[in-house]
Q: 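Structure below; questions to follow.
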Amino acid sequence: MADPVRTAAVRAVIIVSLTLIQAMMAFLFSLTDSWLAFPTVLTSVAGTVVATWAVLDVWVTRQVWKQRHGVVSVPSSTARRMRRERRRAERAARREGRIAGGGPVTSPEPGGRVPDGGAGQLSQA
């Protein structure tokens, strides 16, 4: 998350939590027929408006940040096609390396095994 978006999100969480605490206080004051019930209910309504504004601020800040900094989502079908082309190019480069070198691309270990770095295909993604 970008810094402005993170700042807006933290601000929204604090405002929403304070509004929830205030709403709980208003409810409890109403149950006890306290004179503080009415002012607390009024400030809870105002707090709800402010909390809604804060959450919308997070959403707007996120959209503005994405637009200004050029974050472009790529459809998964396009990403799959590009990944497939990259794998084909890697396989072709490996094949060329074997043909030109006459053997494996890397030197074998003493046991005759070709080292792969201990990482499978999934961990290299």
Side-chain angles (χ1 to χ4, degrees):
M1 212 182 312
D3 285 339
V5 179
R6 185 178 297 117
T7 303
V10 168
R11 186 183 323 120
V13 166
I14 291 171
I15 291 172
V16 168
S17 63
L18 289 175
T19 302
L20 288 173
I21 290 169
Q22 194 170 16
M24 181 58 74
M25 286 174 45
F27 174 72
L28 293 175
F29 284 150
S30 297
L31 286 179
T32 60
D33 289 332
S34 173
W35 66 272
L36 287 170
F38 182 68
T40 312
V41 167
L42 288 180
T43 56
S44 291
V45 170
T48 302
V49 171
V50 172
T52 304
W53 187 271
V55 171
L56 284 174
D57 181 48
V58 173
W59 182 67
V60 169
T61 304
R62 182 174 169 263
Q63 295 299 323
V64 167
W65 193 89
K66 285 172 75 173
Q67 187 176 21
R68 286 185 182 163
H69 293 87
V71 177
V72 179
S73 65
V74 177
S76 60
S77 59
T78 305
R80 271 194 297 269
R81 184 174 45 82
M82 291 173 62
R83 193 168 43 238
R84 196 176 304 128
E85 290 172 2
R86 188 179 66 235
R87 284 187 195 138
R88 282 185 188 141
E90 288 172 357
R91 280 191 214 117
R94 268 189 263 133
R95 218 176 297 122
E96 289 296 320
R98 279 192 219 129
I99 292 171
V105 178
T106 58
S107 60
E109 291 179 350
R113 207 174 132 255
V114 176
D116 61 353
Q121 193 70 353
L122 289 175
S123 62
Q124 294 177 5

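Each residue takes its place number in the sequence, starting with 1.
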Q: Distance from Arg94 atom CZ to Arg91 atom CZ, nearest 0.5 Å?
A: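 Taking CZ in Arg94 and CZ in Arg91, the distance rounds to 7.0 Å.
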Q: Indicate yes or no: at least one non-hydrogen side-chain atom of Val50 is less than 4.5 angstrom from one of Thr19.
A: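 The answer is no, as the side chains (C-beta and beyond) never meet within the 4.5 Å cut-off.
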Q: Which heavy-atom pair separates Val16 from Ala51 by the least distance, and what is that distance?
A: CG2-CB, 3.8 Å
Q: Any chance you could measure Phe29, atom CZ, to Trp35, atom CH2, to the nearest 0.5 Å?
A: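 Nearest 0.5 Å value for the CZ-CH2 distance: 8.5 Å.
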Q: Looking at CG of Leu18 and CE of Met25, how far apart are the two atoms once the value is rounded to the nearest 0.5 Å?
A: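 If I round to the nearest 0.5 Å, the distance is 10.5 Å.
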Q: Do Ile15 and Val49 sit in one hydrophobic cluster, given that two such residues count as connected whenever their side-chain heavy atoms are within less than 4.5 Å of each other, even indirectly?
A: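 No, because Ile15 and Val49 fall into different hydrophobic clusters, even though each may have its own neighbours under 4.5 Å.
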Q: Restricting to side-chain contact (heavy atoms from CB on, under 4.5 Å), what partner residues turn up for Thr61, sequence neighbours left out?
A: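 For Thr61 the side-chain contact (heavy atoms from CB on, under 4.5 Å) partners, ignoring immediate neighbours, are Pro4, Val5, Ala8, Asp57.
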Q: For Ala12 versus Val55, what's the shortest heavy-atom pair and its separation?
A: CB-N, 4.2 Å
Q: Working to the nearest 0.5 angstrom, can you tell me the gap between Ile21 CD1 and Ser44 OG?
A: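 It comes to 11.0 Å.
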